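Only one structure is covered here, and it is reproduced in the block below.
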Amino acid sequence: MSPTFIFSILLFQLLFASQPCHRILTSAAGGKWQLLQKSIGVSAMHMQLLRNDRVIMFDRTDFGPSNLSLPNRRCLNNDCTAHSVEYNVLTNKFRALTVQSDVWCSSGAIMQDGNLVQTGGFRLGERRVRLMNPCNGNCDWQEFPNGLAAPRWYATNHILPDGRQIIVGGRRQFNYEFYPKNVAANTFNLPFLSQTNDRGVENNLYPFVFLNVDGNLFIFANNRAILLDYVNNRVVKTYPAIPGGDPRSYPSTGSAVLLPLKNLKAAAIQAEVLVCGGAPKGSYLQSLRNRFVAALNTCARIKITDPNPQWVMETMPMARVMSDMIMLPNGHVLLINGAGSGTAGWEQGRNPVLAPVLYRPDNKIGSRFQTQNPTTIPRMYHSTATLLRDGRVLVGGSNPHAFYNFTGVLFPTELSLEAFSPDYLDASSNNLRPSIVAPKSMSTIGYRKKITIQVRITGKVVNNMVSVNLVQPCFTTHSFSMNQRLLALGNDKVTALGNSLYNIDVTTPGSGNLTPRGYYLLFVVHQDIPSQGIWVRLR
Ligand SMILES: *[C@@H]1O[C@H](CO)[C@@H](O)[C@H](O)[C@H]1NC(C)=O
Ligand SMILES: *[C@@H]1O[C@H](CO)[C@@H](O)[C@H](O)[C@H]1NC(C)=O
């Protein structure tokens, strides 16, 4: 054996010794991939991070037994396997949960008390409300039949400043409702959803819904958007269609984010939305005939608070449909998962896009996108991603089949979980990285309050490049992350205390329109390098 070879083996062992439970697949600038679990037994079609660093995941109950048995033998229609799991991020372990009705293509949001309220689904599940209370023991789903006023399949939920959720649309439902409901007749017509419903192909399901800073809801479906005063059921603004007019909503699935809200002390706070990818008009019907049209390679960005809002187009490094868009703690957007052609739907996507792309919203147009290191696992229809407290992005799911199909198909049903570590996690940035010394969590912070976060930063600190950022944990399914929201609070003052310790004074947001009450991840970001988050509760 040559000395270099022996050295390589030693290096290899060293690398693996430092990561006992994770296999490193790729490394270098441009991010790293880790395979966390070969199989969690179910396919992570829906994902929600809870305040105890557990991620709730589920697929469907109507497509055969999964690869995870249910310890309590609570069978549903002779299927005694689990279709939901709780994944513990800290221990990299998972346990089976029991759903008692079909959660397929449902939606959800975390209420202000930190409980997950998940709504709708298929058939028996279509009017269910399900509750998951974060715990350290053996808690499980609780289900409430007829919790919804209308059947909701492919709807979008959003948490409201008053603590309720709004549930918008769903298949053949051109209306919205509230949970919990406060009036008996709890559905409100929304003609925008029938106007954006292309005949033969809906192209308006899982609408992209964001709470604007003025308290109204920005609702995007197909290729255009409105601003809705949901209290008075009145459209207060109609936005132009995205140039080109191609559809961006399910099944021509693009994705969207509300870009970081910042300068929150300004008299007029601005908000911007970024919509990326999708499929050219007609692609859905073409893919049913085995013709897989190249996806859209454009993003469209709009200032939704502008008096005369216009879409500004940008070109991605590659075409993308069914991609997730995840807000990173530093306000950059990660496009991850998806395909290069076809659409959402059974067997209707091709050309997996294995490389994530980073989007830096504050760079000059033309220099915002950067392609990252690829994974080896295609994540097609029914794949998901979500940000974790440690700054990694959890990735799972992918099942373009009507059953669990592991062989004889182009893209086998994926039961695996991976994590993507953006390169801000590289050790080379450790001298810039804040680590939060105190507090370790905060159970009550109010609006417009001065708080102090103590951090350690070993390298040279640039005071005006320190920001306290709040990130709301989102419900992710079908390439859209509901309630995804980042508030960049900046800092009021940075005080050096000696020994690499600093106090960061910061003022919390001014209202529930900016930041609905509830649990947030608080990160301190220095020169784009984030700390690990701490959980805080705004109320
Ligand atoms: C799931 O179970 C099937 C049938 O037992 C088996 O063939 C397959 O390899 C399993 N897949 C995974 C990813 O564990
Ligand atoms: C997927 O699995 C189901 C049930 O096992 C089977 O009937 C079906 O033919 C499979 N589909 C494909 C595309 O192989």
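Each ligand, and each atom within it, is numbered from 1 in the order the structure gives. This structure is a prediction, so every number in the text was calculated from the model and none was measured.
With sequence neighbours excluded, the residues forming a side chain to side chain contact (heavy atoms under 4.5 Å, CB included) with Asn223 are Ala241, listed by chain and number. Residues satisfying the disulfide bond (SG atoms under 2.5 Å apart) test with Cys105, not counting sequence neighbours, are none. Applying the side chain to side chain contact (heavy atoms under 4.5 Å, CB included) rule to Ala96 yields the partners Leu68, Leu70, Pro71, Ala82; only residues at least two apart in sequence or on another chain are considered.
Side-chain rings of His382 and Trp346 approach one another, their centers coming within less than 6.0 Å. Checked against the 6.0 Å centroid threshold, Phe369 and Tyr359 count as a close aromatic pair.
Using a 4.0 Å cut-off to heavy atoms of Val409, the atoms of ligand 2 that qualify are 12 (C), 13 (C), 14 (O).
Residues Ser255 and Ser479 come closest through the heavy atom pair OG-O, 2.5 Å.
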Check each N or O atom of ligand 1 against all protein N or O atoms and list the pairs under 3.5 Å, with atom names and distances to 0.1 Å, one per line.
residue	atom	partner	partner atom	Å
ligand 1	2 (O)	Asn67	OD1	3.1
ligand 1	2 (O)	Asn67	ND2	2.3
ligand 1	11 (N)	Asn67	ND2	2.9
ligand 1	14 (O)	Asn67	ND2	3.3

